[in-house]
Structure formats: C-alpha cells, structure tokens
**Q** 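Following this message is one structure expressed as structure tokens.
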Amino acid sequence: MRIILLGSPGAGKGTQAKFLCEHYGIPQISTGDMLRAAVQANSPLGQHVQAIMASGALVPDELMIDLVKQRILDADCQKGFLLDGFPRTLPQAQALKDAGIDLDAVIEIQVADEVIIQRLSGRRVHPASGRVYHQDFHPAKISGIDDETGEPLIQRVDDQADTVRHRLSVYHQQTTPLIAYYLDLAALQTEKSPQFFSIDGSQTVDQVRAALIDVLGVL
Ligand code: AP5
Ligand code: MG
C-alpha cells in the first residue's frame, strides 16, 4: 500500500499517519520529522534547513526529492509506505512520477484555516517518535509527558501564530495545486493512477480515522 496524505499544517496528517501505518504495517515517511531530526542532530542538512523551517517556508525541492527517493529505497518500504508532508509542490509530485513511484491512494484531509491556529497552539510533540498530542483534543495521559516513553513533550518552534499563518499561506499557494494534479491523474483510471479521496478533517480524531479506514477499505 502506497499512500500520500495531503493537508494543511495541523490538518492531522501526523496523527492519522500513526494509525494508518500501524493498521497496514507500513512505515510513515514524514519529511517534517526527518528534517527536525537533522536539525536536532546538527547535521549539514539540519544546519541548512533550520532557519527555513523556523520561518515556515519550504525547503528547496531538490533537497526534498533526494531525501525521499533515498528513503524509499530502504528495505522497510518494500511492502509500501505512507508519505506525510511530501510531495508539497508540483515539482516534487512530478519527481515521484518521473521516478516511476506509483501510488495507490492520495488522501486530502480538509480542515478550515480558523480551526488550524487553535489546533497548533495546543499541539505538543514527542520529538524522537513524532507522536503528536493536543492539550485539549488528544491529551497525553500525564500532561507534558509522552505516553510510551515517559519523556518530555515539546512545542514546535514553527507553531507560533504568526508562523502558522505564513505556513497556511505557503500551503494555499504551493501545495493546493496538487489536489487538481492528483484528481487529473486519478481520472485517467489507468492501472498506475492512484485513487483520490477527500476527508472532512474537522471531525474528531476517531471519526477522521474511521473515515480513512472506510475509504481505504475499497482499494
Ligand atoms: P511538517 O512537519 O510536514 O508540517 P506541516 O505540514 O505544516 O504539518 P504539521 O505537522 O504541522 O501538521 P499535521 O497535519 O501533521 O497535524 P498533526 O497531526 O500534528 O513540515 C514542517 C516544515 O518542514 C515545513 O514548514 C517545511 O519547512 C519543511 N518541509 C517538510 N516537508 C517538506 C517538503 N516536502 N518540501 C519542502 N519543505 C518541507 O495535528 C495538529 C494538532 O491537532 C495536534 O495537536 C493534534 O493532536 C491535533 N489534532 C489532530 N487531529 C485532530 C482532530 N481531528 N481534532 C482535534 N485535534 C486534532
Ligand atoms: Mg505533521
């Protein structure tokens, strides 16, 4: 199973990716998590992208395309994978296609911008695993502590209101054209074209999860 999750910052891609990857036994490829790990490790890639990410802009396409193409070659991707946060520009989508990486499903999680700011201001994350919580909507069992490891949760540097507004505008300009791109591919209905689904992401975490399992069940 090869899945792409599309959706604005805070739409719930990371949250739902965890459920889906467990369900299908496939790895989550979160480009945001990979980049944050590089920043944390202070690697050359991390040093290059740190300021870009903190500002809410996108990292250059060539870097992202190389990163993902390499990751997909790993043995754990043989049975499939879920892409969370990639592609987010037309050149990135085209690079996947040119590399012959076909997809089963592209799923857009739709959430209105007003809801996003509230979601991201309450988000807390466990950096090592990418597990995502929300103070009100998806709380950890003990506030500020990861359920699985007991380690502290942190707030992302790009979750401040001004940066979130910038990320939303970047999403509308650079990533929403992918919806038409994948709708067109799906309409071709060839063996290689993915199915396209759109899910209402403003429902509760459990409702969104059920809707996703529902649409993927038809594949
Ligand atoms: P990335 O890490 O991918 O960030 P993003 O796309 O902005 O998405 P988020 O991780 O903020 O949101 P999410 O949809 O995963 O939501 P979540 O599940 O956490 O990218 C970060 C940066 O890296 C980019 O800005 C860019 O600089 C760079 N980058 C990454 N990929 C790139 C690429 N391909 N090209 C170029 N640059 C790239 O949920 C959010 C909150 O809401 C949580 O608190 C959660 O608990 C809560 N929540 C989730 N679902 C619900 C629900 N149904 N109801 C209520 N609350 C909910
Ligand atoms: Mg995420």
Side-chain angles (χ1 to χ4, degrees), residues 4-21 28-39 45-46 48-69 71 82-93 95-96 107-113 115-127 129-140 146-147 153-160 163-176 178 199-212:
I4 288 180
L5 285 189
L6 275 181
S8 53
K13 301 181 297 296
T15 302
Q16 299 298 335
K18 291 277 179 250
F19 296 138
L20 288 177
C21 288
Q28 172 192 7
I29 303 181
S30 161
T31 43
D33 286 350
M34 290 164 83
L35 294 171
R36 278 183 291 278
V39 170
L45 172 66
H48 187 72
V49 301
Q50 185 167 21
I52 301 175
M53 292 178 76
S55 76
L58 293 184
V59 171
D61 285 333
E62 316 78 68
L63 262 178
M64 298 312 304
I65 290 165
D66 283 352
L67 195 69
V68 171
K69 275 196 191 162
R71 178 65 185 88
L82 181 150
L83 288 171
D84 158 11
F86 185 97
R88 57 215 278 164
T89 63
L90 285 171
Q92 291 181 15
L96 274 183
I107 308 173
E108 180 205 8
I109 304 180
Q110 272 188 335
V111 178
D113 286 5
V115 180
I116 295 295
I117 308 251
Q118 188 193 12
R119 280 197 187 176
L120 291 185
S121 61
R123 172 162 66 181
R124 299 292 180 272
V125 294
H126 177 242
S129 67
R131 267 186 292 281
V132 186
Y133 301 87
H134 190 282
Q135 287 183 319
D136 304 317
F137 309 134
H138 189 49
D146 178 47
D147 288 351
L153 302 177
I154 60 142
Q155 199 165 9
R156 272 173 46 178
V157 288
D158 57 351
D159 276 351
Q160 285 158 18
T163 316
V164 170
R165 276 189 211 99
H166 182 55
R167 286 162 60 200
L168 281 169
S169 96
V170 168
Y171 177 78
H172 291 305
Q173 281 169 25
Q174 304 207 47
T175 308
T176 50
L178 295 186
I199 300 281
D200 175 7
S202 63
Q203 311 170 87
T204 65
V205 171
D206 286 345
Q207 285 170 330
V208 177
R209 178 192 188 180
L212 284 166

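Every number for a ligand or one of its atoms is a count from 1 in the order of the listing. We're numbering straight along the sequence, starting at 1.
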**Q** Side chains of R156 and R36: closer than 4.5 Å at any heavy-atom pair?
**A**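 R156 vs R36: side chains touch.
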
**Q** At what distance is the nearest protein heavy atom to atom 11 (O) of ligand 1, and which residue and atom is it?
**A**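 The protein heavy atom lying closest is R167 NH2, 2.6 Å.
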
**Q** Would Q207 count as a contact residue for ligand 1, given that I'm defining contact as a non-hydrogen atom of the residue lying under 4.0 Å from a ligand atom?
**A**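 No, Q207 has no heavy atoms under 4.0 Å from ligand 1.
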
**Q** Name the orientation class of the two ring planes belonging to H138 and F19 (parallel below 30°, tilted from 30 to 60°, perpendicular beyond 60°).
**A**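 Perpendicular: the ring planes of H138 and F19 meet at over 60°.
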
**Q** Do ligand 1 and V59 have nitrogen or oxygen atoms that lie under 3.5 Å from each other?
**A** yes

**Q** Any idea which protein heavy atom is nearest atom 43 (C) of ligand 1, and the distance to it?
**A**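 The closest heavy atom on the protein side is V132 CG1, 3.4 Å.
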
**Q** Is the closest side-chain heavy-atom distance between D113 and H172 below 4.5 Å?
**A** yes

**Q** Show which atoms of ligand 1 fall inside a sub-4.0 Å distance from at least one heavy-atom site of R36.
**A**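 Here the atoms of ligand 1 in question are 2 (O), 21 (C).
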
**Q** By number and element, which atoms of ligand 1 are closer than 4.0 Å to a non-hydrogen atom of F137?
**A** 55 (C), 56 (N)

**Q** Starting from atom 12 (O) of ligand 1, find the nearest protein heavy-atom neighbour and note its residue, name and distance.
**A** G10 N, 2.8 Å

**Q** Looking at T31, which atoms of ligand 1 are within less than 4.0 Å of one of its heavy atoms?
**A** 30 (C), 31 (N), 32 (C), 34 (N)

**Q** Does CD belonging to Q174 count more than 12 external heavy atoms closer than 6.0 Å?
**A**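 Atom CD in Q174 is packed in, count exceeds 12.
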
**Q** I'd like to know if K69 and D66 make a salt bridge, using a cut-off of under 4.0 Å between side-chain N and carboxylate O.
**A**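 No salt bridge links K69 with D66.
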
**Q** Examine ligand 1 and decide if any of its atoms is less than 4.0 Å from a heavy atom belonging to R156.
**A** yes

**Q** Just wondering, do T15 and V208 contact through their side chains at under 4.5 Å, heavy atoms?
**A** no

**Q** List the closest protein heavy-atom neighbour of atom 22 (C) of ligand 1: residue, atom name, distance to the nearest 0.1 Å.
**A** M53 CE, 3.8 Å

**Q** Can you tell which of Q16, H138, R88 gets a heavy atom nearest to atom 38 (C) of ligand 1?
**A**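 That would be R88.
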
**Q** Number the atoms of ligand 1 from 1 as they appear, then name those within less than 4.0 Å of a heavy atom of L120, with their elements.
**A**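 Every atom of ligand 1 under 4.0 Å from some heavy atom of L120: 40 (C).
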
**Q** Heavy-atom distance to atom 25 (O) of ligand 1: which of G85, G122, A57, A140 wins?
**A** A57

**Q** Where on S8 is there a heavy atom closer than 4.0 Å to ligand 1, on the side chain, on the backbone, on both, or on neither?
**A** backbone

**Q** Within a distance under 4.0 Å of any heavy atom of L35, pick out the atoms of ligand 1 and give their elements.
**A** 23 (O), 28 (C), 29 (N), 30 (C)

**Q** I'd like to check which ligand 1 atoms, numbered from 1 as shown, lie under 4.0 Å from a non-hydrogen atom of T204.
**A**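 Ligand 1 atoms under the 4.0 Å threshold to T204: 53 (N).
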
**Q** Among protein heavy atoms, which sits nearest to atom 44 (O) of ligand 1, and what does the distance come to when rounded to 0.1 Å?
**A** Y133 O, 2.7 Å

**Q** If you count the atoms of ligand 1 from 1 in the order shown, which ones are under 4.0 Å from a heavy atom of G14?
**A** 13 (P), 15 (O), 18 (O)

**Q** Mark the output for G7 as yes if a heavy-atom distance to ligand 1 is under 4.0 Å, and as no if none is.
**A**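 Checking ligand 1 against G7, which is what was asked, there is no heavy-atom contact under 4.0 Å.
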
**Q** Nearest non-hydrogen atom to atom 45 (C) of ligand 1 belongs to which of T15, L5, T89?
**A** T15

**Q** Could you see which bit of Y171 sits under 4.0 Å from ligand 1, with heavy atoms only: side chain, backbone, both or neither?
**A** neither

**Q** When only distance counts, is K13 in polar contact with ligand 1, meaning an N/O pair under 3.5 Å?
**A**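 Looking only at distances, the answer is yes, because the N/O contact criterion of under 3.5 Å is met.
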
**Q** Nearest heavy atom to atom 50 (N) of ligand 1: which of Q118, Q92, R119 does it belong to?
**A**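 Nearest heavy atom to atom 50 (N) of ligand 1 lies in R119.
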
**Q** If the cut-off is 4.0 Å to any non-hydrogen atom of P9, which atoms of ligand 1 fall inside it?
**A** 5 (P), 7 (O), 8 (O), 12 (O)

**Q** Note the single closest protein heavy atom to atom 53 (N) of ligand 1, along with its residue, its atom name and the distance in Å.
**A** Q203 O, 2.8 Å

**Q** Between R167 and D159 (salt bridge meaning N to carboxylate O under 4.0 Å), is one present in this structure?
**A** yes

**Q** Flag the pair D33 / Q28 as yes when at least one side-chain heavy-atom distance between them is below 4.5 Å, and no otherwise.
**A**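 Result yes, sub-4.5 Å side-chain heavy-atom pair found.
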
